[in-house]
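Sharing a structure here in structure tokens format.
Heads up: numbering here begins at 1 and tracks the sequence. Being a predicted model, the structure only gives us computed values, none of them experimental.
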Amino acid sequence: MSVNKQLEDVPEREAAAAHERDAGRMNVGEELVRVRRLLKHFPVAGSDDVVRAVDGITFEIFQGDTLGLVGESGCGKSTVGRCLLRLIEPTSGEIFFGDRDVLALRGRELRELRRGMQIIFQDPYASLNPRLTVRDIVSEPLVIHRIGSREEQRARVADLLRKVGLDPDYMNRYPHEFSGGQRQRIGIARALALNPKLIVADEPVSALDVSVQAQVVNLLADLQAEFGLTYLFISHGLAVVQHISTRVAVMYLGRIVEVASAADLYADPLHPYTRALLSAIPVPDPRRKRERIVLHGDVPTPINPPSGCRFHTRCPDAIPECARVDPDLREVSPGHTVACIRVPGWANAPTAS
């Protein structure tokens, strides 16, 4: 049986049945990932302090959608993605993939679950083993999960390279023989090898030239349409996120401060931090001017975050009460949640589940 056939059929074997269950094959639009009160604290060496990298966040990702996760460097975006895949262990919280409790799985069950969840790393230079050929890199997931014979794996690699716009004849070359954009395409091919349902794209274009960024983003969009993929797209480039995302979550200092559809968030941002981020997007027209919201001061340390709203020390709209009230996410309009006491209607809005 070919690799493609093995990945597409519903085998009778127990492991494959577990993969089918874990991968959460659901109807488009249904909830694929559910995260509740996720925390990840890193201990500080020689101290009782902890770095509150992710500090109690809740969100969902729906089948076939792209959730863009944005914020300044150091806000905890990449930590969220790695916790989701259990590349690092969360401190506490809940993560469900389909109907499976990701944090409760161990050993073989976790291994099988990971067939449905893959990652594209930020740095295409560091994420590929320089001692392996492209064939070995892309086929490694197939080898680990014992899918197909060597020749079937080779055919699968050739097919994947075509899908990402590379010549299959390149499979015997090494990573140093490729440009940054080509390396990222190899990383994408590796992520697709097991036909996953969810791909965490951790700033996949930030290390690439602007012209290449557009090519890779368009490739990701095409692959999503072809394979029905679901993305968690992590980035600090809001223009890129706008192009590819269905919904957008904005993070600040370990917390999510606003979630909305991409159309709503870019048309009507409610949180002061979101408005400041959007004001920094360059306008590709020298005759148009956008009022820039300049935030003063540095991002506070995640070891000892401010009391109340974590953004109040830099917020242009802050009032004394902001230092006392730690706002939760509330749904102020259908599908649009925000954590800010200054947003009209927030006080009477229902808390986001």
Salt bridge (charged side-chain N to carboxylate O under 4.0 Å, His left out) between R275 and D317: does it pass, once the steps are laid out? CA-CA 11 Å; R275 293 199 297 268; D317 299 335; 2.6 Å; yes
Atom pair CG/CZ of D167 and R162 - distance to nearest 0.5 Å: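 Here the interatomic distance stands at 8.5 Å.
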Counting C-beta onward and ignoring hydrogens, is there a side-chain heavy-atom pair between P175 and I137 closer than 4.5 Å?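 Of all side-chain heavy-atom pairs linking I137 with P175, at least one is under 4.5 Å.
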Checking the side chain of R342 only, and the main-chain atoms of A318 only, is there a donor and an acceptor separated by less than 3.5 Å?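 Looks like no, no N/O pair under 3.5 Å.
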With a 6.0 Å cut-off (strictly less than), is the heavy-atom count around CZ of R131, excluding the residue itself, greater than 12?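 Counting neighbours around CZ of R131, 12 or fewer heavy atoms of other residues, nucleotides or ligands fall under 6.0 Å, so no.
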Does the side chain of H243 come under 3.5 Å of the side chain of N218 through a donor N or O and an acceptor N or O?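 Side-chain D/A pair, H243 to N218: present.
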Out of curiosity, T79 OG1 to L87 CG, how far, rounded to the nearest 0.5 Å?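 The CG atom of L87 is 11.0 Å from OG1 of T79, to the nearest 0.5 Å.
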In Å and rounded to the nearest 0.5 Å, what is the CG to CZ distance from L142 to R154?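 Going from CG on L142 over to CZ on R154, the span is 14.0 Å.
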Working for side-chain contact (heavy atoms from CB on, under 4.5 Å), residues F62 and E30: CA-CA 5 Å; F62 298 98; E30 292 188 1; over 6 Å; no
For V248 and L69: C-alpha separation, side-chain torsions, deciding distance, then whether side-chain contact (heavy atoms from CB on, under 4.5 Å) applies. CA-CA 6 Å; V248 179; L69 189 60; over 6 Å; no
Verify same cluster id: M117, L105 (apolar side-chain graph, 4.5 Å):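 Yes, one cluster joins them.
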Worked verdict on Y231 versus I61 for side-chain contact (heavy atoms from CB on, under 4.5 Å): CA-CA 8 Å; Y231 291 139; I61 309 176; over 6 Å; no
Y252 and P300: which non-hydrogen atoms are nearest, and at how many Å?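 Closest heavy-atom pair between Y252 and P300: OH-CD, 3.3 Å.
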Minimum heavy-atom separation for S279 to I293, with atom names?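 Heavy-atom minimum between the residues: OG-N, 3.0 Å.
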K197 NZ to Q118 CD distance, which is reported to the nearest 0.5 Å: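 Those atoms lie 13.5 Å apart.
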Backbone of R330 reached by a side-chain donor or acceptor of T337 within 3.5 Å: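 Such a contact is absent between T337 side chain and R330 backbone.
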How close do L208 and P124 get, heavy atom to heavy atom, and via which atoms?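 The answer is CD2-CG, 4.0 Å.
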Without swapping roles, check the side chain of Q215 against the backbone of L219 for a donor-acceptor pair under 3.5 Å.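 Here the side-chain-to-backbone pair does not exist.
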Does P168 reach the side chain of V157, with side-chain heavy atoms less than 4.5 Å apart?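 SC-SC contact between P168 and V157 ruled out.
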Examine distances only and state if a side-chain atom of K77 and a backbone atom of M251 form a donor-acceptor pair shorter than 3.5 Å.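 No, the answer is negative, given that no donor and acceptor are paired below the 3.5 Å cut-off.
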Is the closest side-chain heavy-atom distance between L329 and T58 below 4.5 Å?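 No - every pair of side-chain heavy atoms lies 4.5 Å or more apart.
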State, to 0.1 Å, how close Q153 and I147 come at their nearest heavy-atom pair, and which atoms those are.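 Nearest pair, atom of Q153 first, then I147: NE2-O, 3.0 Å.
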Closest heavy-atom pair and its distance - L32, L198: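 Reported closest heavy-atom pair: CD2-CB, 4.3 Å.
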Would you say the side chain of P272 lies within less than 4.5 Å of the side chain of C340, judging by non-hydrogen atoms?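 In contact.
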Lys/Arg-Asp/Glu bridge criterion (N-O < 4.0 Å) met for R36, E60: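 Salt bridge between R36 and E60, a charged N being under 4.0 Å from a carboxylate O: yes.
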Are T133 and D136 close enough, and set up right, to give a side-chain hydrogen bond (donor to acceptor under 3.5 Å, both in side chains), and what steps lead you there? CA-CA 5 Å; T133 64; D136 292 334; 3.3 Å; yes
Answer yes if V250 and W346 sit in the same cluster of Ile, Leu, Val, Met, Phe, Trp and Tyr residues linked by side chain heavy atoms under 4.5 Å apart, and no otherwise.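 In one cluster with V250: W346, no.
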Examine R34 relative to F96 and say whether NZ or CZ is less than 6.0 Å from the centre of the six-membered ring and inside a 45° cone about the ring axis.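 Yes, a cation-pi geometry.
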Is any side-chain heavy atom of V241 less than 4.5 Å from a side-chain heavy atom of F233?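 Yes; the side chains approach each other to less than 4.5 Å.
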Between S261 and D264, a side-chain donor and acceptor under 3.5 Å: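 A pair is found: one side chain offers a donor N or O, the other an acceptor, under 3.5 Å apart.
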Should L166 and Y125 be regarded as members of a common hydrophobic cluster, given that ILVMFWY residues are connected when their side-chain heavy atoms come within less than 4.5 Å of each other, either directly or indirectly?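 No, separate clusters.
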Flag yes if L128 and L220 sit in one hydrophobic cluster, no otherwise; membership is Ile, Leu, Val, Met, Phe, Trp, Tyr, and two members link when side-chain heavy atoms are under 4.5 Å apart.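 Yes; L220 is reachable from L128 via cluster members.
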Distance-only side-chain donor-acceptor flag, Q224 / T66, under 3.5 Å: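 Present: a donor and an acceptor within the cut-off.
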Taking R111 for the side chain and I144 for the main chain, is one N or O donor matched with an acceptor at less than 3.5 Å?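 Yes, the answer is positive, given that a donor and an acceptor are paired below the 3.5 Å cut-off.
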I would like to know whether H336 and L270 meet side-chain contact (heavy atoms from CB on, under 4.5 Å); could you show each step before the answer? CA-CA 9 Å; H336 198 149; L270 299 179; 3.6 Å; yes
To the nearest 0.5 angstrom, please state how far the CG atom of L232 sits from the CD1 atom of I120.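 Answer rounded to 0.5 Å: 11.0 Å.
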Are R314 and E72 ion-paired here, with the side-chain N under 4.0 Å from a carboxylate O?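 E72 and R314: salt-bridged.
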Would you confirm whether R185, through its side chain, and V164, through its main-chain N or O, come within 3.5 Å as a donor-acceptor pair?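 Here the side-chain-to-backbone pair exists.
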For H145 and E112, test the side chains for any donor-to-acceptor distance below 3.5 angstrom and give the result as yes or no.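 Side-chain D/A pair, H145 to E112: absent.
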So that I can tick it off, tell me whether K40 and E89 are bridged by a salt bridge, with the cut-off set at under 4.0 angstrom between side-chain N and carboxylate O.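 Looking at K40 together with E89, the answer is no, because their closest N to O distance does not fall below 4.0 Å.
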Checking side-chain polar atoms at under 3.5 Å, does E258 have a donor or acceptor matched by the opposite partner on T274?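 Looking only at side-chain atoms, T274 and E258 do form a donor-acceptor pair, the distance falling under 3.5 Å.
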When you look at CG of D298, are more than 12 heavy atoms from neighbouring residues, nucleotides or ligands closer to it than 6.0 Å?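 No, not enclosed.
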State yes or no: are the ring centers of H271 and F311 separated by less than 6.0 Å?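 Centroid distance H271-F311: below 6.0 Å, so yes.
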Could you tell me whether a side-chain N or O of Q184 sits under 3.5 Å from a main-chain N or O of F121, the two making a donor and an acceptor?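 Checking the backbone N and O of F121 against the side chain of Q184, a donor-acceptor pair under 3.5 Å is found.
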Using a 3.5 Å distance criterion without hydrogens, assess whether the side chain of R106 forms a donor-acceptor pair with backbone atoms of L103.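 At least one qualifying donor-acceptor pair exists.
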Please round to the nearest 0.5 Å and tell me the distance separating atom CG of L194 and atom CD of E140.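 Interatomic distance, L194 CG to E140 CD, rounded to 0.5 Å: 11.0 Å.
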Residue pair D202 / S78, side-chain donor-acceptor N/O under 3.5 Å: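 Their side chains do contain a donor-acceptor pair, which is all the 3.5 Å distance test asks for.
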Side chains of P90 and I95: closer than 4.5 Å at any heavy-atom pair?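 A side-chain contact under 4.5 Å exists here.
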Could you check if a side-chain atom of V80 sits within less than 4.5 angstrom of a side-chain atom of L84, using non-hydrogen atoms only?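 The answer is no, as the side chains (C-beta and beyond) never meet within the 4.5 Å cut-off.
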I'd like to know if the side chain of R86 reaches the main chain of V102, judged simply by a donor and an acceptor atom lying under 3.5 Å from each other, with no hydrogens or angles considered.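 Yes: the side chain of R86 pairs with the backbone of V102.
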Between the side chain of E226 and the main-chain N/O of L223, is any donor-acceptor distance below 3.5 Å?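 No, the answer is negative, given that no donor and acceptor are paired below the 3.5 Å cut-off.
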With a 4.5 Å limit on heavy-atom distance, are the side chains of S139 and R156 in contact?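 No, too far: nothing below the 4.5 Å cut-off.
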Within 6.0 angstrom of R292 CZ, more than 12 heavy atoms from elsewhere: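 More than 12 within 6.0 Å, yes.
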Atom of G56, atom of R255 and distance for their closest heavy-atom approach: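 It is O-CD, 4.4 Å.
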When you group the ILVMFWY residues by side-chain heavy-atom contacts below 4.5 Å and let the links chain together, are I256 and L39 in the same group?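 The answer is no; the residues belong to distinct hydrophobic clusters.
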After noting the C-alpha distance and the side-chain angles of D55 and R310, does the key distance pass the salt bridge (charged side-chain N to carboxylate O under 4.0 Å, His left out) rule? CA-CA 11 Å; D55 207 20; R310 298 190 173 191; 2.2 Å; yes
